[in-house]
Amino acid sequence: MSVAKKDENNPMFGIIGVNSPASKKVFVYSNTTPSILYHEFISCSEASKHFNCSLTTISRHLDKNKLYKTQWLLYSFKQN
């Protein structure tokens, strides 16, 4: 039965939960001009595809004031 409900056959396939880290918006700022929004992504998944990295990497840098690739600051909210 578990084989029958695998991948596309799973009723939850492709659904991202509301509380999932993948569903958070990502706002990207440059460290040289942190007051100017560089890019906005609708989810962590979209950001990870853009930066060609894993979802875990994006989550590790989100809202932590840690530079990603020595250049980008990632937040789940807009900076003033």
Side-chain angles (χ1 to χ4, degrees):
M1 195 138 143
S2 64
V3 175
K5 294 282 184 182
K6 198 172 187 180
D7 298 327
E8 297 89 20
N9 296 328
N10 187 327
M12 296 300 286
F13 179 76
I15 296 175
I16 297 175
V18 175
N19 294 328
S20 168
S23 67
K24 285 185 178 180
K25 279 191 172 190
V26 178
F27 299 95
V28 180
Y29 296 89
S30 173
N31 70 336
T32 57
T33 55
S35 60
I36 299 174
L37 180 65
Y38 171 74
H39 204 288
E40 179 180 341
F41 296 100
I42 59 170
S43 67
C44 288
S45 299
E46 289 295 317
S48 68
K49 288 176 189 174
H50 176 79
F51 288 117
N52 195 23
C53 66
S54 70
L55 184 61
T56 306
T57 302
I58 297 296
S59 296
R60 265 192 228 129
H61 289 82
L62 199 62
D63 298 332
K64 303 248 179 17
N65 287 330
K66 288 173 57 176
L67 288 175
Y68 173 68
K69 292 191 175 182
T70 68
Q71 183 175 359
W72 308 112
L73 294 165
L74 309 177
Y75 295 102
S76 63
F77 52 89
K78 280 191 176 182
Q79 297 291 310
N80 293 335

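Quick caveat, the model's predicted, so the values are computed rather than measured.
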Engineer: side-chain contact (heavy atoms from CB on, under 4.5 Å), that's the test. Do Lys78 and Glu40 meet it? Break it down for me.
Structural biologist: CA-CA 9 Å; Lys78 280 191 176 182; Glu40 179 180 341; 3.9 Å; yes

Engineer: Is there a side-chain contact between Phe41 and Val28 in this structure, where contact means two heavy atoms from C-beta onward sitting under 4.5 Å apart?
Structural biologist: yes

Engineer: Regarding Ser59 and Thr56, do their side chains bring together a donor and an acceptor under 3.5 Å, going by distance alone?
Structural biologist: no

Engineer: Any chance you could measure Thr70, atom OG1, to Asn31, atom CG, to the nearest 0.5 Å?
Structural biologist: 7.5 Å

Engineer: Tell me if a side-chain donor or acceptor on Thr33 pairs with a main-chain N or O of Ser30 at a distance below 3.5 Å.
Structural biologist: no

Engineer: Less than 6.0 Å separating the ring centroids of Tyr38 and Trp72?
Structural biologist: yes

Engineer: Hey, could you give me the NE2/CD distance between His39 and Glu46, rounded to the nearest 0.5 Å?
Structural biologist: 9.5 Å

Engineer: Show the numbers, then the answer: is there a side-chain contact (heavy atoms from CB on, under 4.5 Å) between Val26 and Ser43?
Structural biologist: CA-CA 6 Å; Val26 178; Ser43 67; over 6 Å; no

Engineer: Would one find more than 12 heavy atoms of other residues, nucleotides or ligands at under 6.0 Å from atom NZ of Lys69?
Structural biologist: yes

Engineer: In Å, rounded to the nearest 0.5 Å, how long is the span from CD1 of Ile58 to NZ of Lys24?
Structural biologist: 12.5 Å

Engineer: Are side-chain heavy atoms of Thr57 and Ser48 found at a separation under 4.5 Å?
Structural biologist: no

Engineer: To the nearest 0.5 angstrom, please state how far the CG atom of Leu37 sits from the CZ atom of Phe27.
Structural biologist: 7.0 Å

Engineer: Please tell me whether Phe51 and Tyr68 form a close aromatic pair, meaning their ring centres lie under 6.0 Å apart.
Structural biologist: yes

Engineer: Mind checking the CG-CG spacing from Leu62 to Leu73? Nearest 0.5 Å is all I need.
Structural biologist: 11.0 Å

Engineer: Quick one: does Tyr29's side chain have a donor or acceptor within less than 3.5 Å of a partner on Gln79's backbone?
Structural biologist: yes

